[in-house]
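Predicted model, so just to flag it, every value in this text is computed and none were measured. The sequence lines fix the lettering, A, B, ..., with proteins before strands; numbering per chain opens at 1.
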There are 2 protein chains.
Amino acid sequence: MKAENQALQSAGLRATLPRVRILQMLESIDEERHHLTAEDLYRHLHQAGEDIGLSTVYRVLTQFEQAGLVARHNFDNGHSVFELSSGEEHDHMVCVDTNEIVEFRDPVIERRQHEIAAAHGYDIVGRALVLRVRKRP
Amino acid sequence: MKAENQALQSAGLRATLPRVRILQMLESIDEERHHLTAEDLYRHLHQAGEDIGLSTVYRVLTQFEQAGLVARHNFDNGHSVFELSSGEEHDHMVCVDTNEIVEFRDPVIERRQHEIAAAHGYDIVGRALVLRVRKRP
DNA sequence: TTGGTTGCAAACAATTTGCATAAAT
DNA sequence: ATTTATGCAAATTGTTTGCAACCAA
């Protein structure tokens, strides 16, 4: 309980009950199925008896994103998914059949990205590599 | 003019006037500022005196996408951008300041992507690599 | 106390859909 | 003549916002 308060404080956010509950929920779920949509999270919270408004979930997620606590991804579909940001940047593979998500990192790709950006006179601010994949037969 | 009809026919689409006009517009604009939003296209068409409904633009773009004539991209923002698909797949760099878009291809990255997917038992169906960049000082 | 925060409902933006009309085969 | 496509307006979806009540500092 204190840990979350701490995290929120140092992010410059008041440790309100909704924020703490959302952070806890993200942590408790993050192990298995990360990448929750706002509505997913809202549903989980309600199943857990927490009566938090959907708009609050959105607001808090946005604040967490700005604070660097969570990362927001826009895959092909119309809606955003959120995950606790674990320090290390990574990319994603999304199975078109099962919607399964695999995370990965590859230093070779990352180095090339920087080289390419530099060759055009740019610095990389953020990146998003999403591979749409299908289980091979 | 016949060329567009041809392209539509072989895509299994009737060569209707709105479809032909949209295809022509995409071609005529594609040289400079590709990556149009549906509304962009709609506006361009109206400026050119074509009275085509926005919903038709959306419908036709979706059909073109399914036919492989155009590619749809979902960058971070909420809306989709479309571009004539030029056979060769490529990735994008988007300047966070100017919204400028640079396209690029890199064989090294592509090879690694396939290796990584394969290592997880997947085949790549599609990919989207977007680098958010900023002009270096 | 006091200013940030919440919940609700209404507002929004991007995109889709129902349906009567119009156009292509 | 039949079938598919269009335009318009209304519906949906995902997300944001205004505001009075509320809670943390």
Side-chain angles (χ1 to χ4, degrees), chain A residues 1-2 4-25 35-46 48-67 69-82 99, chain B residues 1-2 4-25 35-43 45-46 48-67 69-82:
Chain A
M1 260 188 202
K2 293 247 201 52
E4 283 84 359
N5 285 27
Q6 187 80 15
L8 291 171
Q9 302 286 3
S10 52
L13 297 169
R14 283 189 180 178
T16 69
L17 203 132
R19 296 214 258 241
V20 172
R21 286 290 128 81
I22 289 174
L23 187 48
Q24 290 176 335
M25 185 59 77
H35 302 105
L36 302 163
T37 139
E39 200 117 16
D40 283 344
L41 196 41
Y42 172 76
R43 214 172 304 116
H44 277 263
L45 287 164
H46 272 245
E50 301 295 338
D51 220 330
I52 298 178
L54 180 55
S55 37
T56 299
V57 174
Y58 274 107
R59 265 185 301 228
V60 169
L61 284 173
T62 303
Q63 294 159 350
F64 283 7
E65 185 196 8
Q66 290 167 345
L69 285 170
V70 311
R72 176 199 302 249
H73 303 289
N74 299 294
F75 297 149
D76 51 356
N77 0 322
H79 51 347
S80 306
V81 294
F82 302 83
N99 269 316
Chain B
M1 263 188 201
K2 290 248 201 52
E4 284 85 0
N5 286 25
Q6 188 81 16
L8 291 171
Q9 302 286 4
S10 51
L13 297 170
R14 283 187 179 179
T16 69
L17 203 133
R19 295 214 259 239
V20 172
R21 286 290 128 81
I22 288 173
L23 187 48
Q24 290 177 335
M25 185 58 77
H35 304 104
L36 302 163
T37 142
E39 200 119 14
D40 283 343
L41 197 38
Y42 172 77
R43 214 172 304 117
L45 287 164
H46 272 246
E50 303 294 338
D51 219 330
I52 298 178
L54 180 56
S55 35
T56 300
V57 174
Y58 273 107
R59 266 183 301 227
V60 169
L61 283 173
T62 302
Q63 294 158 349
F64 283 7
E65 185 195 10
Q66 289 166 345
L69 285 168
V70 312
R72 176 199 302 250
H73 302 289
N74 298 294
F75 297 149
D76 52 357
N77 0 325
H79 51 347
S80 306
V81 295
F82 301 83

Side-chain N or O of A:Thr56 less than 4.0 angstrom from OP1 or OP2 on C:dT6?
-> no
B:Phe64 CZ to C:dT15 C1', in whole Å, measures 18 Å
Pairwise side-chain contact, A:Val81 with A:Arg72, heavy-atom cut-off 4.5 Å (strictly under) = no
Determine the sole option in B:Glu4, B:Gln24, B:Gln63 for which the side chain to side chain donor-acceptor pair (under 3.5 Å) test with B:Arg19 is passed.
-> B:Gln63
Give a yes/no on whether any side-chain N or O of B:Thr16 is located under 4.0 angstrom from OP1 or OP2 of D:dT6.
-> yes
Would you state whether a donor and an acceptor, one from the side chain of B:Arg14 and one from the base of D:dT3, lie under 3.5 Å apart?
-> yes
Does the side chain of B:Thr62 get closer than 4.0 angstrom to OP1 or OP2 of C:dT15 through an N or O atom?
-> no
Have a look at A:Ser55 and say if it touches a base, only the backbone sugar-phosphate, or nothing, with a 4.0 Å heavy-atom cut-off.
-> base
Atom CG of A:Asn74 and atom P of C:dA14 are separated, to the nearest Å, by 14 Å
Candidate nucleotides D:dA25, C:dT15, D:dA5, ranked by approach to the side chain of A:Gln9 - the nearest | D:dA25
DNA chain C: 5'-proximal contact among A:Val60 and B:Val81 (nearest heavy atom) = A:Val60
Among C:dG4, C:dT15, D:dT6, the one nearest any side-chain atom of B:His79 is C:dT15
Side chain of B:Leu54 - closest among D:dT6, C:dT6, C:dT15 = C:dT15
Taking only side-chain nitrogens and oxygens of A:Tyr58, does any of them come within less than 4.0 Å of OP1 or OP2 of D:dT16?
-> no
Is there side-chain contact between B:Arg21 and B:Ile52, with heavy atoms separated by less than 4.5 Å?
-> yes
Any side-chain N or O of A:Gln63 less than 4.0 Å from the OP1 or OP2 oxygen of C:dT5?
-> no
Measure the distance from CG on B:Leu61 to P on D:dA5 and round it to the nearest whole Å.
-> 15 Å
If only side-chain N and O atoms of B:Ser80 are considered, is one of them under 4.0 Å from the OP1 or OP2 phosphate oxygen of C:dT15?
-> yes
Base, sugar-phosphate alone, or nothing: which one does A:Arg59 contact when heavy atoms must sit under 4.0 Å apart?
-> base
